[in-house]
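First the structure, in the form of structure tokens, and then the observations on it.
Numbering of residues begins at 1 and proceeds along the displayed sequence. Note that this is a predicted model, so its numbers are computed, not measured.
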Amino acid sequence: MTRVLVVEDDRDISELVRRYLEKAGFSVTLTSSGQEALARLTESPPDLLILDLMLPHMDGIEICRTIRASHKTGAIPIIMLTARAEEAERIAGLEVGADDYIAKPFSPNELVARVRALLRRAQRHPPEATTIHYGPIVVDVDQHTVSLAGASVLLTAKEFLLLGYLLKHRGRVLSRDVLLTDVWGYKYTGGTRTVDVHVRRLREKLPPLEHALVTVKQFGYKLLEPPPGGKAVS
């Protein structure tokens, strides 16, 4: 059974989330403490984390940053759950590695749909290739790993899926709306800035993409073909 860890200090909200997720067939563990959440994540990493931004002693931003810094927990899909709906707060969560963001009050059914969509894409492996090469970048689809010139690069679940999508559709101009629909898996309501944040993180983590992943003004992005001598796909 797919395991979801919910970190939320409001008991009513956490119980509501638990009830709907368990009804949908998920195994749910609740905690209201950031320290306890990190301990549980280290002992037995869940398949997905729902993380409240405003927590006592250790907020969601700090927890998310700690999770992403560890190779054991770095790829866990994270949905940030918070009462703060301002764009700056959404971007802050995405900046430290959250894959999705939903603001309170929220529809429990929408949250379940987002959990399913994120898990579906995190677990999906393209059948046509197990390893993708792009110059010095190597993506192992089965192992869910990325390396740059032989050195391991840690990506979040959404960064990994976005990279795979861009590689698969390299040479094509992709709108932000198309990326949101195909990578995030639903009509995303958080705004197209979400794509920009993830693209910027890919460029930072994989420097060869800095010039190869070009911005198409007021539209989206295009990943150029690899330079001469660089492998495309194998």
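- Listed by chain and number, the residues in a side-chain contact (heavy atoms from CB on, under 4.5 Å) with Pro108 are Leu16, Tyr20 (sequence neighbours excluded).
- Residue pairs meeting the side-chain hydrogen bond (donor to acceptor under 3.5 Å, both in side chains) criterion with at least one partner in residues 215-224, sequence neighbours excluded, are Asp196-Tyr221, Arg203-Thr215.
- Cluster membership for Ile67 and Met58, using ILVMFWY side-chain heavy atoms within less than 4.5 angstrom, is shared.
- Applying the salt bridge (Lys or Arg N to Asp or Glu O under 4.0 Å) test to residues at least two apart or on different chains, the pairs with a partner in residues 13-26 are Arg11-Glu15, Glu15-Arg18, Arg18-Glu22.
- Pairs passing the salt bridge (Lys or Arg N to Asp or Glu O under 4.0 Å) check and including a residue from residues 56-67, sequence neighbours excluded, do not occur.
- Here Val173 sits in one hydrophobic cluster together with Val216, Phe219; the rule is ILVMFWY side chains under 4.5 Å apart, joined directly or through other members.
- For the side-chain hydrogen bond (donor to acceptor under 3.5 Å, both in side chains) test, residues two or more places apart in sequence or in another chain that qualify with Arg68 are Asp99.
- The salt bridge (Lys or Arg N to Asp or Glu O under 4.0 Å) search around Glu36 returns Arg40, not counting sequence neighbours.
- Under the side-chain hydrogen bond (donor to acceptor under 3.5 Å, both in side chains) criterion, Arg3 pairs with Ser44, sequence neighbours left out.
- Grouping the Ile, Leu, Val, Met, Phe, Trp and Tyr side chains by contacts below 4.5 angstrom, directly or via other members, places Val146 apart from Val138.
- The ring pair (Phe, Tyr, Trp, His ring centres under 6.0 Å) analysis of residues 193-217, with sequence neighbours excluded, yields the pairs Trp184-His198.
- Two residues are said to be in side-chain contact when any heavy atoms from C-beta on lie closer than 4.5 Å; Leu49 and Ile79 fail this criterion.
- Listed by chain and residue number, nothing satisfies the side-chain hydrogen bond (donor to acceptor under 3.5 Å, both in side chains) test with Ser70 (two or more places apart in sequence, or in another chain).
- Distance check, rounded to the nearest 0.5 Å: OG1 of Thr145 to CG of Leu155 gives 9.5 Å.
- Residues that satisfy the side-chain hydrogen bond (donor to acceptor under 3.5 Å, both in side chains) test with Thr42, not counting sequence neighbours, are absent from this structure.
- A distance of 11.5 Å separates CG in Leu180 from CG in Leu174, rounded to the nearest 0.5 Å.
- Cluster annotation: Val141 and Leu206 are assigned to the same hydrophobic cluster (Ile/Leu/Val/Met/Phe/Trp/Tyr, side-chain heavy-atom contacts under 4.5 Å, transitive).
- Checked by atom type and distance alone, the side chain of Arg170 pairs as donor or acceptor with a backbone atom of Leu167 at under 3.5 Å.
- Salt-bridge check for Asp52 with Lys104: passed, with a basic side-chain N closer than 4.0 Å to an acidic carboxylate O.
- Rounded to the nearest 0.5 angstrom, Leu213 CG and Leu224 CG are separated by 8.0 Å.
- Residues Ile13 and Phe106 have side chains in contact (heavy-atom distance under 4.5 Å, counting atoms from C-beta outward).
- Residues satisfying the salt bridge (Lys or Arg N to Asp or Glu O under 4.0 Å) criterion with Glu43, sequence neighbours excluded, are absent altogether.
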